[in-house]
Number of protein chains: 2
Amino acid sequence: MENKNKIEESGYDRLIKCGIRPSVQRLAVMNYLMENRIHPTVDKIFNDLYPTMPTLSRTTVYNTLKLLVESGAAIMLTIDERNTRFDAETKPHTHFMCYKCGTVTDLNINPPVLKGNYIDDCEILNSELYLYGHCPECVNKNKN
Amino acid sequence: MENKNKIEESGYDRLIKCGIRPSVQRLAVMNYLMENRIHPTVDKIFNDLYPTMPTLSRTTVYNTLKLLVESGAAIMLTIDERNTRFDAETKPHTHFMCYKCGTVTDLNINPPVLKGNYIDDCEILNSELYLYGHCPECVNKNKN
DNA sequence: TTCAAATCTGTAATAATAACAAAATAATGG
DNA sequence: CCATTATTTTGTTATTATTACAGATTTGAA
């Protein structure tokens with residue numbers, strides 16, 4: 001995996017490659033996801049973009065994320081029961097969520113790559129490996 | 001994996017083993033999950049139990065499922081973005097959801113067993129492998 | 001049998017997401 | 001460059017899953 005916190009490709013290039021017209025709003029969301037590998041929720045994205053884009057609508061963030069996922073420019077994670085989260089890294093990798101602080105991070109462990117195979121006659125198009133537990137920060141916090 | 005559609009243990013025994021007092025409602029939900037390995041949503045469980053238990057409350061189903069998961073008598077799946085789903089099979093196994101019909105099934109492929117390990121200093125307590133694609137029924141439906 | 005604890009129930013509140021229609025913006029053809 | 005059309009964005013409203021809560025019921029123990 002490359003740099004943990006940033007993807008070395010421009011948001012513009014990613015949108016074009018995925019056949020998405022690069023409006024200001026779409027670029028903002030795409031760039032946000034590529035520069036902030038924190039698996040943000042819709043609310044996090046909206047709140048972080050809003051100060052510099054005061055006309056931005058929450059609906060646009062929803063619409064844009066839906067478009068990004070459908071076009072393969074990002075993936076949606078259901079690791080968090082409460083909110084859907086989004087990631088600009090579309091290559092298979094493993095996600096972890098801390099039960100205590102709720103943070104979602106990437107883990108350096110390869111998930112099984114099953115896309116394209118048939119298993120029990122099911123055609124596999126996508127897969128996600130989700131791990132849950134305690135992150136280093138929360139593990140240390142409880143040592144006292 | 002044993003019989004695909006039923007778990008060979010009584011709901012009563014499972015509740016006792018997990019330290020849960022076996023009320024009528026809890027038994028009904030536990031038995032339903034053990035006899036119907038369909039990874040049902042809360043609504044599905046409620047609607048299926050309601051005819052034979054007309055005093056049952058949806059809130060009780062929510063409360064009971066929460067208790068079952070916390071006590072280790074069942075697991076919660078977040079494979080489906082829209083609804084949480086539940087499974088009485090608590091041993092690690094792989095889940096599949098069909099993009100077309102939404103059905104969730106078990107797959108005969110072993111997930112990586114990582115519980116108890118530390119990965120990147122994260123203490124792993126649980127893991128889920130979710131696969132997505134087209135189930136045999138929906139694959140065949142489109143062959144025409 | 002009585003009292004306290006546990007459980008269940010129904011309603012009301014919350015919060016995430018989707019539907020929709022009007023306004024704004026961008027693209028196209030003359 | 002203007003007029004028309006298509007696309008995108010926006011804000012409001014609706015929907016739906018889930019949670020909070022308080023009163024009613026049931027259970028268990030003394």
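Below, chain A is the first sequence line, B the second, and so on; all start at residue 1.
Of the side-chain N and O atoms in Thr55(A), none sit less than 4.0 angstrom from OP1 or OP2 of dT9(D). Phosphate contact (OP1/OP2 of dA17(D), side-chain N/O of Thr41(B), threshold under 4.0 Å): absent. For Arg58(A), no side-chain nitrogen or oxygen approaches OP1 or OP2 of dT17(C) to under 4.0 Å. Between Arg82(A) and dA16(C) there is no side-chain N or O to OP1 or OP2 distance below 4.0 Å.
Among the nucleotides dT9(C), dT8(D), dT19(D), the one closest to the side chain of Ser23(A) is dT8(D). Taking only side-chain atoms of Arg26(B), from C-beta outward, the nucleotide of dT7(C), dA16(C), dG10(C) with the closest atom is dT7(C). Checking dT18(D), dA16(C), dT10(D) against every side-chain atom of Asn83(A), the shortest atom distance belongs to dA16(C).
To the nearest angstrom, P of dA16(C) lies 13 Å from CZ of Phe46(A). Protein atom CE of Met53(B) is 12 Å distant from nucleotide atom C1' of dT9(C), rounded to whole Å. When rounded to the nearest whole Å, the span between CD1 of Ile20(A) and C1' of dT8(D) equals 13 Å. Between the CG atom of Leu65(A) and the C1' atom of dA16(C) there is a distance of 13 Å, given to the nearest Å. The interatomic distance linking Asp80(A) (CG) with dT17(C) (P) rounds to 10 Å, in whole Å. Between the P atom of dG10(C) and the OH atom of Tyr50(B) lies a distance of 7 Å, rounded to the nearest Å. Distance, Glu70(B) CD to dT7(C) C1': 15 Å, rounded to whole Å.
Taking the nucleotide of DNA chain D with the nearest heavy atom to each of Val42(B) and Gln25(A), the more 5' of the two is matched to Gln25(A). Position along DNA chain D of the nearest nucleotide to Val24(B) versus Thr59(B) favours Thr59(B) as the more 5'-ward residue. The residue among Asn63(B) and Asn63(A) whose nearest nucleotide of DNA chain C lies closer to the 5′ end is Asn63(B). Nucleotides of DNA chain C nearest to Arg21(B) and Pro54(B) differ in position, and the one nearer the 5' end is that of Arg21(B).
Leu65(A) has its side chain within reach of Ile45(A): a pair of non-hydrogen atoms, C-beta onward, lies under 4.5 Å apart.
Residue Thr60(A) is classed as a base contact, given a heavy-atom separation below 4.0 Å to a base. At a threshold of 4.0 angstrom between heavy atoms, the contacts of Asp43(B) with the nucleic acid are absent.
Contact record, Phe86(A) with Leu33(A): O-CD2, 3.9 Å, taken as the closest heavy-atom pair. The shortest heavy-atom contact between Met97(A) and Gly102(A) is CG-O, 3.7 Å.
For the residue pair Asn126(A)/Tyr99(B), the side-chain donor-acceptor check at 3.5 Å is satisfied.
Interatomic distance, CG of Leu107(A) versus NE2 of His95(A), reported as 9.0 Å (0.5 Å rounding).
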